Every structure is written in C-alpha cells, then in structure tokens.
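A short write-up of the structure that comes next.
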Amino acid sequence: MPELPEVQAVCDGLRQKILNRVVQAVQVHECRLRWPVKIDELSRLITGQEVVGVRRIAKYIVIQFRNEVSLLIHLGMSGRLGLVDANSSLRKHDHVIFSLMGEEELRFNDPRRFGMVEAVENSELEEHPRIRNLGVEPFSPEFNAKSFYELSRGSKVAIKKFIMDSKRLVGVGNIYASEALFRAGIHPNTQAGRVGLKRWEQLVVSIVDVLTKAIKRGGTTIRDFENLDGVAGYFTKELNVYGKDGQPCSCCERVIRKMRHSARSTYYCPGCQH
DNA sequence: CGGGCGGCCTGGAGGC
DNA sequence: TGCCTCCAGGCCGCCC
C-alpha cells in the first residue's frame, strides 16, 4: 500500500493525535505478521510509556517513547493504523491494539500481514536488521545526482528497479518510481549504468518533486489507502502514468503502456520516455 | 558480488 | 450464484 508520502501522512496524523499520550496496554490478536510479533517484549517495553515523538524512517513509522524505546511499525502492502474509541467493535484483521489513556485505541489492521510491529531500544535502532542496511532518504543532501550517477556506474539493473532498491534509496515504491521516471523522460528499462549525469539530475529532481507534491496531497489512494482520519490521498488525480495503460499521455498523444519488472507493473509513455 | 525470482498473505475484480 | 485466475502501493532471502 504505502510509499513514503503515505507513511508520512500517517506519521503526521499520529503526531497530532498521540503525542504526550500514554499507552496503558498492548494486546496482540495475531502475531503472524511479516516478522512474528514479540508480545512480551512489546508489552514490557511500552506499557505505561508516554509518546514523545513520531517520525518516519524510510517506510517505517517510528513512535518514540519517554523511556528511550521506539515502536517500529511497517504497513507492508495492506497495513493501516486507526485511532478509535476504545469500545468500538474490533474489525477483521485488527492484529495489534494499543490502548491509550483517554479511552482510545490505536489499532494496527493488516489483511495481508506483510506489515511489522516491534518495540526497539533507541540504542539498538540504528543497528536493527531492518534499519541498518537502508540507503539514503530522498530529502537528504546525500540524495544527489553526482553520488547516484557514481553509484550506478556499471549497474545493469533497470533504472526503475535501481531507484526502488531500498539499499540505495528509500521511500520510492512502485507508483512513484513510474511517475518520477515519466517526469524525467527516462524509459523504465534503461540500464541504470547508462543513465548519464544530466539525466540523473533530472531524475533526482523528479523524485524529490513527485514525493513532495504527493505529501502535500496526503498521498495517493489507488484502492484503499487512508490516513489516520480515514481520509484518502489526493495525489491520485495528479498521476500521469500509474494505472493509466491504454489511456492517452497527458503530454503527447501516445498511449500509455504497461510492462513488468519482476512481477511488478510499470507504466510509461513510449512517446515521452527514452 | 549483482541480479532475478519465489514467496509471504488476503481480498477484490473480472471471466466463464 | 460459484469457481477460477489474476492482481495489488513491500520486501526478504534463496538461488545462480
């Protein structure tokens, strides 16, 4: 489901609503997520703790507590967080429940169970197996044309896969990869090692730009993304190619095409992208 | 080592 | 109505 802008939207909503609030109890109804939820550890580390911050690392939501513990949440493909009245009825796939002081609950719902919920000591966060191998953040100075040009020399992977590889760059998933490549005028199949410095400059700008605009619109909703308030993302209206195969390109009159990169759909305009 | 691919899951859509 | 296949916004880990 969520790429960087959608995770950012959830984090922003969370920050407004749960900052300074205390977790009274944790209940796990289903521990078989992407990684097994360690119930005892989770409960021991955050029960009774006050939320002092909410931030995003790559596509992870990081909820920080007073006791130097962070709750690491990944939404996978279908995960959602909802803040609801404590006595509202449980829904199917509500796997982890955080009871907050004030008769509200934060509920992690995830039909496909590709998500993750884990409490980590802050001192161990940087070296956490899911965190330590992450590449650069798209809004950091390290994400620039020169270093990515150099990083990509000799690589034969398609540029679409290259920019989606979280060991290099985090946050760019299937939608925004297609959209950024369209904006940069680069064909998704181009070998990363054959993208020159000029085109890397265009691509870096396109990625930052598309993510920035999507954040401003509250993300993209294709089927079911919702922020904490149950509101869909409005970037959907500004998509140029994603999900638009068979439709005419907004820039030239050519028809948008769909292709596959290792079982994932890629959309591009054969007229605008080379 | 880089790169390709299967697998993890449920559910919705569409074809027959 | 049902049954089947395909598809989905992520990402790990195995294989060559």
Side-chain angles (χ1 to χ4, degrees), chain A residues 1-11 29-37 56-61 72-81 91-95 108-118 128-135 138 151-181 188-194 207 210-211 214-215 217-227 232-246 258-267:
Chain A
M1 180 215 300
E3 303 181 35
L4 184 150
E6 292 75 39
V7 175
Q8 187 68 50
V10 173
C11 285
H29 293 112
E30 174 59 81
C31 60
R32 293 172 302 165
L33 304 185
R34 181 68 172 83
W35 310 100
V37 179
R56 177 191 61 70
I57 298 178
K59 294 175 188 167
Y60 293 87
I61 296 159
L72 210 49
I73 298 177
H74 197 289
L75 301 174
M77 292 279 269
S78 58
R80 288 192 201 199
L81 283 173
R91 297 202 305 190
K92 199 173 182 185
H93 309 301
D94 276 344
H95 303 316
F108 176 82
N109 181 289
D110 186 6
R112 293 175 71 180
R113 291 193 271 121
F114 289 172
M116 169 187 136
V117 176
E118 187 179 336
H128 188 280
R130 308 274 76 80
I131 301 293
R132 70 176 170 221
N133 294 321
L134 293 174
L151 192 60
S152 61
R153 290 313 84 192
S155 171
K156 295 188 169 173
V157 229
I159 188 67
K160 161 129 187 298
K161 291 202 72 183
F162 193 90
I163 60 173
M164 284 178 68
D165 184 345
S166 64
K167 290 194 298 298
R168 306 184 177 101
L169 174 67
V170 302
V172 177
N174 211 30
I175 295 179
Y176 299 111
S178 282
E179 291 297 316
L181 287 165
N189 264 353
T190 311
Q191 289 184 0
R194 305 188 64 122
I207 289 170
V210 82
L211 294 176
I215 289 169
R217 300 281 179 270
T220 300
T221 297
I222 297 296
R223 40 171 31 78
D224 57 6
F225 169 73
E226 289 178 354
N227 69 12
Y234 288 99
F235 191 73
T236 319
K237 289 189 290 192
E238 290 172 50
L239 296 175
N240 287 300
V241 288
Y242 189 86
K244 296 193 181 290
D245 50 316
K258 176 178 176 175
M259 62 185 296
R260 296 196 149 260
H261 283 103
S262 46
R264 313 209 60 191
S265 295
T266 302
Y267 302 86

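Naming: A, B, ... by sequence-line order, numbering from 1 per chain. Only heavy atoms go into these numbers, but all of them, side chains included; no hydrogens, no water, no symmetry mates. No experiment lies behind these values; they were computed from the predicted model shown.
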Heavy-atom count around A/Arg260 CZ within 6.0 Å, excluding the residue itself: above 12? yes
At 4.0 Å (heavy atoms only), tell me whether [X] reaches a base, stays on the sugar-phosphate, or touches nothing.
X        : answer
A/Ser265 : sugar-phosphate
A/Tyr242 : sugar-phosphate
A/Arg153 : nothing
A/Arg32  : nothing

Can you tell me how far [atom2] of [N] sits from [atom1] of [X], to the nearest Å?
X        : N      : atom1 : atom2 : value
A/Lys161 : B/dG4  : NZ    : P     : 6 Å
A/Arg112 : C/dC7  : CZ    : P     : 13 Å
A/Ile73  : C/dG10 : CD1   : P     : 18 Å
A/Lys160 : C/dG10 : NZ    : P     : 9 Å
A/Arg80  : B/dC9  : CZ    : P     : 21 Å
A/Met77  : B/dG7  : CE    : P     : 16 Å
A/Ile222 : C/dC7  : CD1   : P     : 16 Å
A/Tyr267 : C/dG9  : OH    : C1'   : 11 Å

With the side chain of A/His74 defined as its heavy atoms from C-beta on, choose the nearest nucleotide among C/dG9, C/dC12, C/dC11.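 Taking heavy atoms from C-beta onward, the closest nucleotide is C/dC11.
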Of the options C/dC12, C/dA8, B/dG4, whose atoms approach the side-chain atoms of A/Arg34 most closely?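 Closest nucleotide among those given: C/dC12.
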Under 5.5 Å between ring centres and under 30° between planes: true for A/Phe114 and the base of C/dG10? yes
Are side-chain heavy atoms of A/Leu4 and A/Ile215 found at a separation under 4.5 Å? yes
With a 4.0 Å limit, can you tell me whether [X] has a side-chain N or O closer than that to the phosphate oxygens OP1/OP2 of [N]?
X        : N      : value
A/His261 : B/dG4  : no
A/Ser155 : B/dG3  : yes
A/Lys59  : C/dG10 : yes

Strictly by Watson-Crick or wobble contacts shorter than 3.5 Å, is anything paired with B/dC8, and which nucleotide is it? C/dG10
Whole-angstrom distance between [N] and [M], as gauged at atom [atom1]:
N      : M      : atom1 : result
C/dC3  : B/dC9  : P     : 24 Å
C/dC7  : B/dC5  : P     : 16 Å
C/dC11 : B/dG12 : P     : 23 Å

Does any N or O donor sit under 3.5 Å from an N or O acceptor when you compare the side chain of A/Arg264 with the base of C/dA8? no
On a plain distance test, is the side chain of A/Arg113 in donor-acceptor contact with the base of B/dC9 below 3.5 Å? no
Please work out which of the three classes, parallel, tilted or perpendicular, describes the rings of A/Tyr242 and A/Tyr267, given edges at 30° and 60°.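 If you compare the ring of A/Tyr267 with that of A/Tyr242, the planes turn out perpendicular.
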How are the rings of A/His74 and A/Tyr60 set relative to one another: parallel (under 30°), tilted (30 to 60°) or perpendicular (over 60°)?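 Plane angle over 60°, so perpendicular.
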Closest-nucleotide 5' rank along DNA chain B - winner of A/Arg223 and A/Gly154: A/Gly154
Quick check: on DNA chain B, is the nucleotide nearest A/Ala158 upstream (toward 5') of the one nearest A/Lys92, or the reverse? Name the residue that is more 5'.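 Its nearest nucleotide lies further toward 5', so the answer is A/Ala158.
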In sequence, state the C-alpha distance, the side-chain angles, and the governing distance for A/Leu75 and A/Phe108, and then conclude on side chain to side chain contact (heavy atoms under 4.5 Å, CB included). CA-CA 9 Å; A/Leu75 301 174; A/Phe108 176 82; 4.0 Å; yes
Apply the side-chain hydrogen bond (donor to acceptor under 3.5 Å, both in side chains) test between A/Lys160 and each candidate in A/Asn189, A/Asn174, A/Asp165; give the one that qualifies. A/Asn174
